[in-house]
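Sequence positions, counted from 1, serve as the residue numbers for this chain. Just so it is clear, the values below take in all heavy atoms, side chains as well, and ignore hydrogens, waters and symmetry mates.
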Amino acid sequence: MNLSKHRDQIQYDKHNYEAGYLLIINREHWCQNRFQVIKQVSIEGIYRNWYDVMMLMKALPIVQIELERRGLELKAAFNQANRYQRHSNTA
């Protein structure tokens with residue numbers, strides 16, 4: 001799967017080997033976009049990761065939000081998101 005020239009589309013190969021495009025975000029008619037917000041989702045591979053909040057568009061994770069206790073530095077959430085990214089790529 002390759003990214004197309006447009007940020008809001010993903011290019012894929014059809015069965016007849018032609019390129020197809022999946023529109024993820026409709027910028028022209030933005031009110032027609034559908035998304036889902038999920039909380040406390042667990043994804044298991046080699047490691048088990050718990051994501052606090054994720055926004056999905058067409059079942060693709062678009063936004064990940066890590067919630068931290070009051071008083072913790074922003075760096076803690078950033079490091080956790082980086083760790084999840086490394087673990088997800090090793091599954």
Side-chain angles (χ1 to χ4, degrees):
M1 209 182 307
N2 298 324
L3 291 178
S4 71
K5 295 178 183 177
H6 305 290
R7 289 184 168 185
D8 52 353
Q9 294 180 354
I10 292 179
Q11 180 182 343
Y12 64 94
D13 297 326
K14 296 181 180 181
H15 293 291
N16 60 0
Y17 302 105
E18 291 181 9
Y21 296 92
L22 174 64
L23 180 66
I24 297 184
I25 300 173
N26 187 341
R27 293 180 189 217
E28 186 175 337
H29 302 286
W30 58 268
C31 59
Q32 294 177 356
N33 290 319
R34 302 188 121 217
F35 63 92
Q36 180 180 11
V37 177
I38 56 176
K39 299 186 300 184
Q40 294 294 319
V41 63
S42 173
I43 299 176
E44 195 165 341
I46 294 174
Y47 301 96
R48 186 174 188 166
N49 297 329
W50 286 90
Y51 299 93
D52 293 332
V53 179
M54 292 182 81
M55 185 178 87
L56 308 174
M57 293 193 81
K58 297 189 179 180
L60 297 171
I62 302 296
V63 177
Q64 172 192 345
I65 300 170
E66 286 303 323
L67 305 173
E68 297 296 339
R69 293 185 314 271
R70 182 177 266 180
L72 286 179
E73 293 184 25
L74 179 61
K75 190 175 184 179
F78 182 77
N79 290 338
Q80 185 175 357
N82 279 335
R83 185 175 68 246
Y84 285 171
Q85 180 183 9
R86 285 191 314 273
H87 290 176
S88 296
N89 290 335
T90 60

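Residues in residues 14-24 take part in no salt bridge (Lys or Arg N to Asp or Glu O under 4.0 Å) pair, two or more places apart or across chains.
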Atom pairs and distances, donor-acceptor, side-chain atoms in residues 33-43, under 3.5 Å, two or more places apart:
from : atom 1 : to  : atom 2 : distance (Å)
N33  : OD1    : N26 : N      : 2.7
N33  : ND2    : N26 : O      : 3.2
N33  : ND2    : W30 : O      : 3.1
Q40  : NE2    : D52 : OD1    : 3.3
S42  : OG     : R48 : NE     : 2.9

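A single hydrophobic cluster is not seen to contain both F78 and W50; linkage of ILVMFWY side chains at heavy-atom distances under 4.5 Å, directly or through other members, places them apart. No continuous path of ILVMFWY side-chain contacts below 4.5 Å connects M55 to L23, so the two sit in separate hydrophobic clusters.
Annotation: side chain of R27 is in contact with side chain of I25 (closest heavy-atom distance under 4.5 Å).
Take L72 and apply the side-chain contact (heavy atoms from CB on, under 4.5 Å) test, not counting sequence neighbours, and it matches E68, R69. The side-chain hydrogen bond (donor to acceptor under 3.5 Å, both in side chains) search around Q64 returns E66, not counting sequence neighbours.
With values rounded to the nearest 0.5 angstrom, Q11 atom CD is found 11.5 Å from L22 atom CG.
Shown here for Y12 and Y21, the closest heavy-atom pair between the two residues is CE2-N, 3.5 Å.
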